[in-house]
Amino acid sequence: MDRELHGRLDELQRHPYPHYERARRADGLTYVAELDAWLVARDADVREVLRRPEDFSSGNALIPDVLPPPAALAVLGGGFGGRPVVVTADGALHQQLRAPIVRGLSPARVAAALPYAAERAAALVDAFVKDGHVELMSAYAGKLPGEVIGRIVGLDPADVPAVVHGGRRAEELLFRPLEEDEQVAAAEDVVAMQHILDRYARERHAEPREDLCTELVTSVVGEGEGEGELTLEHRHELVAHLQNLLIAGHLTTTALIGTTVLHLLRHPGQWELLCAEPGRIPAAVEEAARYDGALQGFRRITTGPVTLSGTELPAGATLFVAFGAANRDSARHPRPDEFDITRPPGRHLAFGLGVHSCPGSQLAREQLRLTLEELTRRLPGLRLADDRPVTMRPTMIHRSPQALNLTW
Ligand code: HEM
């Protein structure tokens with residue numbers, strides 16, 4: 001993608017809502033050059049696509065905006081991965097890849113991780129509560145989800161920072177226009193993360209434990225099978241799986257913590273209401289996820305000729321399925337552009353729908369709940385620092401404030 005187009009894409013990503021509105025009002029689907037895709041923006045159309053995975057394949061869901069140059073690809077060649085992952089798989093392979101993740105994120109497993117999550121949330125707040133100001137993304141939102149998913153996967157806390165960093169660098173490498181030396185440096189960080197994940201895969205193969213990493217190893221190698229070392233193919237598969245799961249698990253949650261706090265503080269009356277009536281926290285989380293979700297949309301590709309919303313599409317057409325646009329559709333959500341934590345619950349699409357719907361949604365919601373409980377209880381005087389305007393990061397997959405400076 002050239003720099004001029006990338007500049008326009010950044011602008012769209014920072015301010016997608018006017019584009020969504022135009023697309024919702026238009027007849028049929030709207031082709032958006034910046035996204036290189038047909039924008040699916042109405043709630044009913046998004047639901048239709050998500051309910052017909054055989055016609056709308058996820059094969060292109062993670063297509064990068066930037067193709068790394070040969071020097072970065074050479075670095076990546078020294079790593080692991082490059083195998084099918086759950087988000088981009090269809091049909092039977094998708095079910096096979098998804099099953100161990102669903103088991104590893106079962107309500108019981110999530111519940112078992114909550115005391116640790118609560119302890120970490122409190123400790124992160126302890127570190128800045130006396131300062132009178134904080135940049136929440138780096139001091140809190142960028143930390144808690146990595147620690148929590150790290151715990152569930154079975155990582156040693158000492159390895160979490162490098163794994164989180166590697167995930168962020170993978171996103172930068174594939175979605176940001178970096179200079180070539182930066183692309184090579186990002187690829188090196190990604191490969192360093194992959195080597196850590198490979199070590200875990202081999203260790204859990206040798207000595208299984210009660211964690212999600214073991215769940216994945218067992219699903220790939222087979223129960224009670226695979227005496228001896230993991231094959232190289234299995235190692236590639238497992239690292240791809242783990243990397244995908246970890247990135248899906250922490251970057252999204254980091255982002256939603258940031259946007260949730262941002263919108264609550266932009267509406268001080270609602271923040272005060274929440275502090276006075278913390279029983280409203282779960283509803284506030286749902287409203288933040290609806291109003292400005294972290295994962296704005298993913299792509300799909302048509303498997304054959306199909307008509308959607310009156311637009312005829314050939315086989316191989318790319319769609320951008322915008323959960324974030326559907327969530328502002330007045331046909332489903334009255335007064336959709338108003339942030340209102342008191343609205344009656346409506347079925348939003350912030351965590352997707354159907355076969356690919358988010359298996360980590362409960363874990364994400366619990367972390368949002370813990371965060372708001374902690375902040376409303378300990379820092380009810382929280383407000384946005386008025387000297388620093390908030391800008392959003394240019395991304396459709398981890399929408400969040402670039403930085404969130406708060407005072408109290
Ligand atoms: C606020 C946080 C989160 C948001 C907004 C979010 C959103 C989503 C959405 C919309 C999808 C559907 C994608 C599609 O239809 O193509 C999805 C899938 C997925 N999410 Fe989440 N997610 C979040 C947190 C998590 C967490 C905490 C985990 C894991 C611990 C996770 C793991 C996954 C995985 C593995 C998939 C792919 C499922 C499949 O393809 O079958 N997510 N997520």
Side-chain angles (χ1 to χ4, degrees), residues 40 46-47 49-53 56-63 84-106 109-110 113 117 141 144-155 164 167 211-213 215-216 240-261 285-286 288-301 319-327 348-371 395-400:
V40 186
V46 170
R47 283 172 200 268
V49 171
L50 297 177
R51 285 194 179 115
R52 294 170 61 186
F56 301 100
S57 156
S58 283
N60 64 344
L62 288 181
I63 293 282
V85 292
V86 62
V87 186
T88 50
D90 294 317
L93 176 62
H94 170 250
Q95 282 172 21
Q96 184 192 322
L97 292 169
R98 186 173 159 106
I101 296 179
V102 172
R103 278 198 299 277
L105 292 169
S106 68
R109 289 269 175 95
V110 170
L144 181 70
E147 294 180 1
V148 173
I149 183 70
R151 172 83 162 204
I152 289 183
V153 168
L155 305 184
V164 167
D211 59 28
L212 182 38
C213 186
E215 230 24 284
L216 293 178
H241 226 358
L242 282 165
Q243 175 175 321
N244 177 247
L245 171 75
L246 283 157
I247 294 178
H250 67 78
L251 288 172
T252 42
T253 313
T254 292
L256 190 59
I257 290 174
T259 27
T260 301
V261 174
V285 172
E286 294 313 307
R290 177 200 73 81
Y291 180 76
D292 207 5
L295 215 174
Q296 286 287 309
F298 258 0
R299 289 188 170 76
R300 295 290 194 266
I301 183 163
L319 307 173
F320 187 86
V321 185
F323 314 115
N327 287 343
H348 65 69
L349 294 172
F351 293 102
L353 179 83
V355 293
H356 284 277
S357 71
C358 181
S361 61
Q362 193 52 29
L363 182 62
R365 287 176 158 116
E366 294 287 7
Q367 291 182 74
L368 260 299
R369 178 182 60 75
L370 285 171
T371 298
T395 158
M396 291 308 236
I397 52 180
H398 304 121
R399 179 166 173 80
S400 76

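One-based numbering, in listed order, for ligands and for the atoms of each. For the numbers below, each heavy atom of this structure counts, side chains included, while hydrogens, waters and symmetry mates do not.
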Legend entry - Flag side-chain contact, heavy atom, 4.5 Å: His241 against Leu97: yes
Legend entry - Qualifying salt bridge (Lys or Arg N to Asp or Glu O under 4.0 Å) pairs with a residue from residues 289-298, counting only residues at least two apart or across chains: Glu287-Arg290, Asp292-Arg399
Legend entry - Non-neighbouring partners of Thr88 that pass side chain to side chain contact (heavy atoms under 4.5 Å, CB included), sequence neighbours left out: Ala61, Leu62, Val85
Legend entry - ligand 1-proximal atoms of Leu105, by part, heavy-atom distance under 4.0 Å: side chain
Legend entry - Heavy atom of His94, distance to ligand 1 below 4.0 Å: yes
Legend entry - Pairwise side-chain contact, Ile101 with Leu216, heavy-atom cut-off 4.5 Å (strictly under): yes
Inset, instruction - Within a distance under 4.0 Å of any heavy atom of Ala350, pick out the atoms of ligand 1 and give their elements. - result: 5 (C), 7 (C), 10 (C)
Inset, instruction - Would you mind listing which atoms of ligand 1 come within a distance below 4.0 Å of any non-hydrogen atom of Val86? - result: 35 (C), 39 (C), 40 (O), 41 (O)
Inset, instruction - Using the side chain to side chain contact (heavy atoms under 4.5 Å, CB included) rule, pick out the option among Leu212, Ile247, Val153 that qualifies with Leu242. - result: Val153
Inset, instruction - Could you find the nearest protein heavy atom to atom 37 (C) of ligand 1 and give me its residue, atom name and distance? - result: Val87 CG2, 3.7 Å
Inset, instruction - Return yes if a side-chain donor-acceptor contact under 3.5 Å exists between His356 and Ser58, otherwise no. - result: yes
Legend entry - Min heavy-atom dist Val321 to ligand 1 below 4.0 Å: no
Inset, instruction - Could you name all protein N, O or S atoms found under 2.8 Å from atom 21 (Fe) of ligand 1? - result: Cys358 SG
Legend entry - 4.5 Å side-chain heavy-atom contact, Val321 and Arg299: no
Inset, instruction - Report yes if some heavy atom in the side chain of Leu105 is under 4.5 Å from a heavy atom in the side chain of Gln362; otherwise report no. - result: no
Inset, instruction - Note the single closest protein heavy atom to atom 30 (C) of ligand 1, along with its residue, its atom name and the distance in Å. - result: Ile149 CD1, 3.2 Å
Inset, instruction - May I ask you to check whether His356 has an N/O atom sitting below 3.5 Å from an N/O atom of ligand 1? - result: yes
Legend entry - Side chain proximity check, Gln296 to Ile397, heavy atoms < 4.5 angstrom: no
Inset, instruction - Would you mind checking which non-hydrogen protein atom is closest to atom 13 (C) of ligand 1, with the distance to 0.1 Å? - result: Phe298 CD2, 3.6 Å
Inset, instruction - Would you mind listing which atoms of ligand 1 come within a distance below 4.0 Å of any non-hydrogen atom of Leu256? - result: 1 (C)
Inset, instruction - Could you tell me whether Ser357 and ligand 1 have an N or O pair separated by under 3.5 Å? - result: no
Inset, instruction - Tell me, please, which residues at least two apart from Thr371 pass side chain to side chain donor-acceptor pair (under 3.5 Å). - result: Tyr140
Legend entry - For Val355, the ligand 1 atoms whose distance to one of its heavy atoms is below 4.0 Å: 41 (O)
Inset, instruction - Report yes if some heavy atom in the side chain of Arg365 is under 4.5 Å from a heavy atom in the side chain of Glu286; otherwise report no. - result: yes
Inset, instruction - Answer whether the closest heavy-atom distance between the side chains of Ile257 and Leu368 falls below 4.5 Å. - result: yes
Legend entry - Polar contact flag for Arg98 and ligand 1 (N/O pairs, less than 3.5 Å): yes
Legend entry - Heavy-atom gap Arg300 to ligand 1 smaller than 4.0 Å: yes
Legend entry - Matching residue for Phe298 among Val87, Ile63, Leu319 - test: side chain to side chain contact (heavy atoms under 4.5 Å, CB included): Val87
